[in-house]
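Before any comments, here is the structure.
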2 protein chains.
Amino acid sequence: MSRPTVNDIAREAGVSLATVDRVLNARPGVRGKTITAVNEAIARLGYVRDMAAANLARSRRYPMAVFLPDGGGQFVQTVADALDEAAQQAAATRTEMSLIRYPAGDTHHLAALLAGVDPEAVAGVALMAPETPVLRDAVRALRARAVPVVALASDLPNAGCDHFIGIDSRAAGRTAGVLMGRFLGARPQRVAVLAETMLLRDAIERRRGFDEVLQADFPLVEVLPTLETHGATEALRRGLAEILTGTDLGGIYLLGSGHRALTAALEGMGLLGRVVVIGHELTKASRAALESGHIHAVIAQNPGHLARSTLRVLRAKADRQPIDEGQEQLRIDIVIRENLPA
Amino acid sequence: MSRPTVNDIAREAGVSLATVDRVLNARPGVRGKTITAVNEAIARLGYVRDMAAANLARSRRYPMAVFLPDGGGQFVQTVADALDEAAQQAAATRTEMSLIRYPAGDTHHLAALLAGVDPEAVAGVALMAPETPVLRDAVRALRARAVPVVALASDLPNAGCDHFIGIDSRAAGRTAGVLMGRFLGARPQRVAVLAETMLLRDAIERRRGFDEVLQADFPLVEVLPTLETHGATEALRRGLAEILTGTDLGGIYLLGSGHRALTAALEGMGLLGRVVVIGHELTKASRAALESGHIHAVIAQNPGHLARSTLRVLRAKADRQPIDEGQEQLRIDIVIRENLPA
DNA sequence: TTGTAGGCGTTATCAG
DNA sequence: CTGATAACGCCTACAA
């Protein structure tokens, strides 16, 4: 006994295939009484629509556009790679993807790109970007043209996106905080916080979570003000040196990217492996640093999961289908040397 | 311009649909020359097969059988729930699942069940079980009858399964070891190890990984012999009390299930929250213990991922299709209070 | 060894 | 408003 099909419900309801289809897709031109009859037949037979067959018949394609910042460190590249791989797999379900890089930080440029998106040619849009008023409006406009939009890695809470794919930055910061506190032990210690920039909401939220936890649960730990390096290795080195003149350092919290620069700086100062270092995101650099013991933990989100989730969610939104919350929920990964993925 | 279809390559290669299909599915009865011609056309046009359409045409169903132990603690139940949910989702790809519980530990019973599996009626088998000779043979026999078999959570390395879905227990133990070492700090400390039973290979491997790390990297920590409780709360309490008469305890490593019993015992002794407790698997009990601060970390594998992976891999094996290693690789999750999933 | 025709479950285009 | 009928991309008898 296999699953009932449209034919079965057509027979059961005493109507034709076409009518069943109209009811199924909520298309106009059917009497209310007929609709009821069909729906009853559907319920009676426990019919569930075969989406594979439906999509085949529609011969619909799902061209998705993903916008990623141009520079943005290794994490962005990791995500880009994961997206490419996910796209290959998703081709099996007619989901295509084009990756568009925009000048990092130039949200006007990105907004212009979004304004140029043709709803006929694009079934969904994903973007990783900081939240600015222009961008917020651009997203709104896009959604007004019935294009689903999801935010990637960095949330755009006020832009009214259809979905956010990523982890809660504040919780990620809290997680980093607990690990830092526990790894340091119960002695009075100082912790430096480094960031390339504090412009992104992610960094701010992480720092907030980090501080919350240390203040509440590890009162012996003093967290220093954030040192913004703006990607300059020299600034990092100078800043660290300055901090070190005053005090002994117990740990370093790396808010964003820059694992490589930090390792280099620490090495120059003979501090490699002598302070607890906790960072974010698993990249080639942070992975190497974990393996060699220069970094002790990394708070991460799985890029493969992020990428697959992006495409799946966009696809579901394009079909106005519900999404499986459980499957799309990204975990806050704690990565140490011992549980590094192969 | 949409994707090329079998029609396109048939035309391009100057053969018929059926021949293309034969080549595509590596069926016999085609001249070598024709095969080459078709393959060339495929390459030239960049054809990728539409699996959805293929499966529709086959109208093939994939009835999978999953065997889980009967008791086995909350983790097994969590997996069972996850499987049920995954099965609902997988119904979209004609994958059905029946969950069969067998008397925990009775591998003869399980082997008999496996012997009764009809290759016509079952497209794949997954099982969570300890490795015993009878079972090993039963799995071999099943595979000999062309039924794909995957091991769930607990590996059966010598049974020749098609795949293992789960995490490396030794690495999981190492991860627990590092966390224990770091959480304890740099003072001499003693750690008790509790297990319901050491019969399962998982527990043994975890303990091995745990010991390795502590011996190598945390020489100040002394790990006591494993205390087997056999699920008896009283045994646990007595054993703990005995350990405590001799020494102060810095930490407890819970090798298997029994979070609830442990919490109760610790409470009775006024030790709740005063020793570092690290366990395995995220269940209702361990989750509650994390939230209340009675357990400090749990090494886990995502049951949702485990379940979806199981069905996906079985499906792929049934179709003799390659699997996406990256997607099927389960992560060793480190769960603390701050990164508990919602 | 190869080709033809029909079908899988759904949608879409016509007439009625 | 409703109903035949032909797609969609692929597989599979059966025929040649």
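Predicted model only: the values in this text are computed from it and were never measured. The chains referred to below are lettered A, B, ... by the order of the sequence lines, with proteins before strands, and numbering in each begins at 1.
- Note on B:Val20: nothing from the nucleic acid sits closer than 4.0 angstrom, heavy atoms only.
- Among the nucleotides D:dC10, D:dC8, C:dT2, the one closest to the side chain of B:Ala57 is D:dC10.
- Between the side chains of B:Gln88 and B:Asp84, no donor-acceptor pair of N or O atoms lies under 3.5 Å.
- Between B:Arg11 atom CZ and D:dG9 atom P there is a gap of 12 Å when expressed in whole angstrom units.
- In this structure, the OH atom of A:Tyr47 is 10 Å from the P atom of C:dG9, given to the nearest Å.
- Nearer the 5' end of DNA chain C, as judged by each residue's closest nucleotide, is the contact made by B:Gly29, out of B:Gly29 and B:Arg58.
- The residue among B:Val6 and A:Arg22 whose nearest nucleotide of DNA chain D is located toward the 5' end is A:Arg22.
- Between the CG atom of A:Asn7 and the P atom of C:dG7 there is a distance of 12 Å, rounded to whole Å.
- Summarising the geometry, the separation between CZ on A:Arg60 and P on D:dG9 is reported as 16 Å, rounded to the nearest angstrom.
- Close to D:dG3, at under 4.0 Å from its OP1 or OP2, lies a side-chain N or O of A:Ser16.
- Of the inter-residue distances, the one linking B:Met128 atom CE with B:Leu156 atom CG reads 11.0 Å to the nearest 0.5 angstrom.
- Using a 4.0 Å heavy-atom distance criterion, B:Asp50 is classed as a sugar-phosphate-only contact.
- Atom CZ in A:Arg27 sits roughly 14 Å away from atom P in D:dT2 (whole-Å rounding).
- Of all nucleotides listed (C:dT11, D:dT12, C:dA12), C:dA12 comes nearest to the side chain of A:Ala18.
- Between A:Asp50 and B:Arg94 there is a salt bridge, since a side-chain N of the basic residue sits under 4.0 Å from a carboxylate O of the acidic one.
- Nearest to the side chain of A:Val30, among C:dT4, D:dG3, D:dT2, sits D:dT2.
- Regarding contacts with the backbone of D:dT2, a side-chain N or O of A:Arg31 is found under 4.0 angstrom from either OP1 or OP2.
- Across the protein-nucleic acid pair, A:Asn55 atom CG and D:dA7 atom P stand 20 Å apart, rounded to whole Å.
- Closest to the side chain of B:Leu56, out of C:dT2, C:dC8, D:dG3, is C:dC8.
- Closest contact between the side chain of A:Thr19 and the listed nucleotides D:dG3, D:dG9, C:dT2 involves D:dG3.
- Contact between the side-chain N/O atoms of A:Thr34 and the OP1/OP2 oxygens of D:dT2 is found at a separation under 4.0 Å.
- Across every non-hydrogen atom of A:Lys317 and A:Pro148, the tightest pair is CB-CB, 3.6 Å.
- Of all nucleotides listed (D:dC11, D:dG9, C:dT2), D:dG9 comes nearest to the side chain of A:Arg94.
- Nearest heavy-atom pair, A:Thr310 versus A:Ile165, reported as atom, atom and distance to 0.1 Å: CA-CD1, 3.5 Å.
- For the pair A:Met51 CE and C:dC8 C1', the computed distance is 17 Å after rounding to whole Å.
- No side-chain N or O of A:Gln89 forms a donor-acceptor pair with one of A:Arg308 less than 3.5 Å apart.
- In this structure, the CG atom of B:Leu17 is 20 Å from the P atom of C:dT1, given to the nearest Å.
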